[in-house]
Each structure stands twice: as structure tokens, then as C-alpha cells.
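What follows is a short report on a single structure.
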Amino acid sequence: MISRFVSFVARKASPSSSPSSSLTPSAQHPAPLARMERFEGRALMHAAVTSVFADNRGEVQITFNEALDPKTVNTRSVFVHLPGADQAFGTADDQKITGRVKLTAGNRRIWYRPAEKVPFAAGSSYSIKVSGKLVEAADGDRIDGEFNGAGATSGNGTPGGDYLVLSKRNKTTQIARFSTLAGNMDVRLFTNQTPKNVANFLDYVNAGDYDNIFIQRNVPGFIWQTGGYNITPANAIGGVTARTPVENEPHITHNTRGTIALARPDLPNVPPSGDRGSNQFFFNVSDNSSGKPNDLDNQNGGFTAFGEVTSASGLAVMDALAAYPTVDASGGDPNSPFSDLAVQNSSVTVQQADQNPQGSLVTIRRIAVRNTIVAWV
């Protein structure tokens, strides 16, 4: 229970506010019409892959341009494998990763979720296969699956081709995908500027420690904070175990709107150089950089911004999360981390949050690093 839980969790302080027209074609122009008919047949008659997302812990989402037949999409037609001892894909010793397969987005998206939250060492390369012999579109046609490169629609114009790709670690850019109650949000990590803080964050991400965390503190117009607590499989509140605190890397980057930064405990009688954070982090909903009213670039030695939201759609998700209401679940404890606890709607009470945190709190289902998709050759 929240009110009882706060009495024995480690105290975690956080930044405060002080942290053209239509023409009828004539018979004189048959050639353009013929070309158009061939193009439409290629694009619309066969189900093809339009995009794929895969992360470094094996979750995969494959989107098609039309609905698929649910009876043909299952663990017998969609596969994820690691290479075996020979380190080659497509050989007899490949290791199948068990998981669940379902269709979403109006049956246009295959969603593969591994059974384990860390089914292999995070960052390992793995293969993805959707069988062109088994998977069918809702109209009964087989998919057209030949991979044509990242960002290109699959297929060669003939139905029946397998969709075969490899998911590999991106060696140049690390982007973390936040799958939240309000939608997906991608965050580019400042690997070169703040390497220690990025490495610290990824230690938790790659271990699955940030799966099913919730927003424990939401201050409108300022920040929202998470990373310290989660919801267990039994639908109870648990704590994310803190690892060794990481050295602060302030002033290199700035706490501008849309950045993610490490929270620190603000320990009494400890200089900023020794005031180090670990598992908790926050998003700057507004510009909290140097010279702004809430100057987190310099407050208490400065907070380390170690990444930023990559797109307008991501910022919209960040703002949607910040717009959730809050309740005071501190139980009167001035050091409680739950005095501004985000909840799903304004009618949620502290008791309801205690009894059904999954149905009451504002959750982040998963954080993992986006992989690069390449041809399986």
C-alpha cells in the first residue's frame, strides 16, 4: 500500500521548483493510365510490410499496408532467433526465442513480445521471420515480404515471399523507446556528452528494471519524475533497486524542454560533488536551463541532462503524461516521494491507487533501445 510503503522505502528527494483538379482521361493518352494501373496493382493488391520496429531486448512490431488474417498469424508463422554456436543465422543450431504473437492496429501490425523481459544479452543481434507461405491478408492473399531496405515497402510484386531481416545494435546512435500509457516516445541519449550517466541509465534499461514503472512525481509546468518505483506482476507497488550512484556530469548539456535528466537525493551536509543519483530520472516539461526561473543547470551543482526527446510527436506524449492529475499520497510524511503522485483520472483516490495501482497510476510499460533493421544475407 502506498501510505504504508512510504514508511520503509529509502528516501528519494528530487529536483524542486526552487528543482490540382480532376480530369477525365481520354483515349489519346493510354500510356500513363497503363503505368498507373501497374503501380496500383503493386502497391495495393498484396499485403506488404511498410515499417518495422525492433528493440535491443527482442520486442518487435511489424506494420503492413492492409489487414492480415488473424488465424494465420501466430508462433508457427512468426519467428525470432538468435544464432547458434556457429554465429550464423539460418542454420540448424539457431536458438528460437519463445514469445507471444498478436495483431494490433486493426490487424495490420504484428506484435511479438518475448516471454522473458531479458531473453538474451541486451544488444545481441537476432533474426526476424514472417512466413510468406503461412501468413495471409484478410482477403486470403499471401503477403509479399521480400525486404527492400530500411524505410522501403517490402515485396517484389509476387505474393508468398518471406519477410526476413536482422535486428542489430545501432553503433552510432542510441535511441531509447519509452512505451507509455499516453503512447510511444523516443529519446536520443547523449552518449558522447554524458557517457557515465547514459551508461548508468542503460544498466537499468537493459536489465528490464524500468519495465512497468510509474510517474511518482508530477509538477505541472516543471518536470515529471519516475524510475524509483514499479508495479509488480501481482499488481502491487515495488521499488526499483538502486545501483551504485553515478558521477554527476553537469553543465555539458542543458535542462531545456524535452530533455531527460538524472534526479539526485539532495543529501544534507553533502556537497554537490558527492550528491549523486542512481535510478531516478525526470523529464523537463519546460525550459529549466540556465537563466530560467527553475535553473536546473546550476541548482545544487547542476543536474545532468543525458538525452532529449527526438520529435514533436514524442514531445506531445511527454506533455500528455504531464497533463495527468495528481493526488497527495504522502500520508503526511514531508519526505514522501508520493506527494504529487500522477493518476489516470481525477476521481482516483489514494485508496484506489493502493488497491489497484495498474489501473490507477500513470505507467511506462517498457523502456528499451531501438535496434537497426538490416537485410538477412
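The analysis underlying the following values was restricted to heavy atoms, covering all of them including side chains, and did not include hydrogens, waters or symmetry mates.
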Show, in sequence, the C-alpha distance, side-chain angles and deciding distance for R177 and D55, and conclude whether the salt bridge (charged side-chain N to carboxylate O under 4.0 Å, His left out) test is met.
CA-CA 8 Å; R177 163 66 59 92; D55 70 33; over 6 Å; no

Test side-chain contact (heavy atoms from CB on, under 4.5 Å) applied to F283 and D319, I215, I223, V187, the passing residue
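It is V187; the other options fail the test.
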
Among N218, N284, V219, exactly one meets side-chain contact (heavy atoms from CB on, under 4.5 Å) together with W224. Which residue is that?
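Per the side-chain contact (heavy atoms from CB on, under 4.5 Å) rule, the option paired with W224 is N218, out of N218, N284, V219.
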
[X] versus [Y], closest heavy-atom pair with distance:
| X | Y | answer |
| --- | --- | --- |
| G301 | H251 | O-NE2, 3.2 Å |
| S330 | D328 | OG-OD1, 2.7 Å |
| S360 | V348 | CB-CG1, 3.8 Å |
| P195 | E249 | CD-OE2, 3.4 Å |
| Q344 | V362 | N-CG2, 4.1 Å |

Does any N or O in the side chain of [X] come within less than 3.5 Å of the main-chain N or O of [Y], such that one atom is a donor and the other an acceptor?
| X | Y | value |
| --- | --- | --- |
| D162 | L164 | no |
| R257 | V285 | yes |
| N148 | T153 | yes |
| R264 | G302 | yes |
| R113 | E59 | no |
| R142 | G161 | no |
| S131 | S77 | no |
| N279 | V240 | yes |
| S124 | A121 | yes |
| N255 | S289 | no |

So, do [X] and [Y] sit near enough that their side-chain heavy atoms are less than 4.5 Å apart?
| X | Y | answer |
| --- | --- | --- |
| D354 | Q352 | no |
| F306 | I260 | yes |
| L68 | L103 | yes |
| S179 | M185 | no |
| V101 | N74 | no |

Within 45° of the axis and under 6.0 Å from the centre of the six-membered ring of [Y], does NZ or CZ of [X] qualify?
| X | Y | value |
| --- | --- | --- |
| R109 | W111 | no |
| R100 | Y112 | no |
| R217 | F338 | no |

Ring centre gap for Y204 and Y210 strictly below 6.0 Å:
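Centroid distance Y204-Y210: below 6.0 Å, so yes.
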
Aromatic ring pairing Y126/F120, orientation class (parallel under 30°, perpendicular over 60°, tilted between):
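Taking F120 first and then Y126, their aromatic rings sit tilted (interplane angle of 30° to 60°).
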
Parallel, tilted or perpendicular: which describes the rings of F201 and F178, with under 30° parallel and over 60° perpendicular?
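Judged by the thresholds at 30° and 60°, the geometry between F201 and F178 is parallel.
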
Might you work through the side-chain hydrogen bond (donor to acceptor under 3.5 Å, both in side chains) test for Q216 and Q280, ending with a clear yes or no?
CA-CA 10 Å; Q216 66 203 50; Q280 298 196 40; 2.4 Å; yes

For the CD1 atom of I143 and the CD atom of E136, what is their distance to the nearest 0.5 Å?
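CD of E136 is found 10.0 Å from CD1 of I143.
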
Can [X] and [Y] be counted as having a side-chain donor-acceptor contact under 3.5 angstrom?
| X | Y | value |
| --- | --- | --- |
| N206 | N56 | yes |
| N248 | D275 | no |
| T91 | D86 | yes |
| N230 | D211 | no |
| N212 | Q358 | yes |

Decide side-chain hydrogen bond (donor to acceptor under 3.5 Å, both in side chains) for N200 and D203; before the verdict, give the C-alpha distance in whole Å, the side-chain angles of both, and the deciding distance to 0.1 Å.
CA-CA 5 Å; N200 173 74; D203 281 344; over 6 Å; no

Apply the test salt bridge (charged side-chain N to carboxylate O under 4.0 Å, His left out) to residues K292 and D297: give CA-CA distance (whole Å), side-chain angles for both, the deciding distance (0.1 Å), then the verdict.
CA-CA 9 Å; K292 302 300 180 179; D297 282 356; over 6 Å; no

For the pair D94 and K129, evaluate salt bridge (charged side-chain N to carboxylate O under 4.0 Å, His left out) and give the outcome as yes or no after the intermediate values.
CA-CA 13 Å; D94 282 8; K129 176 182 177 180; over 6 Å; no

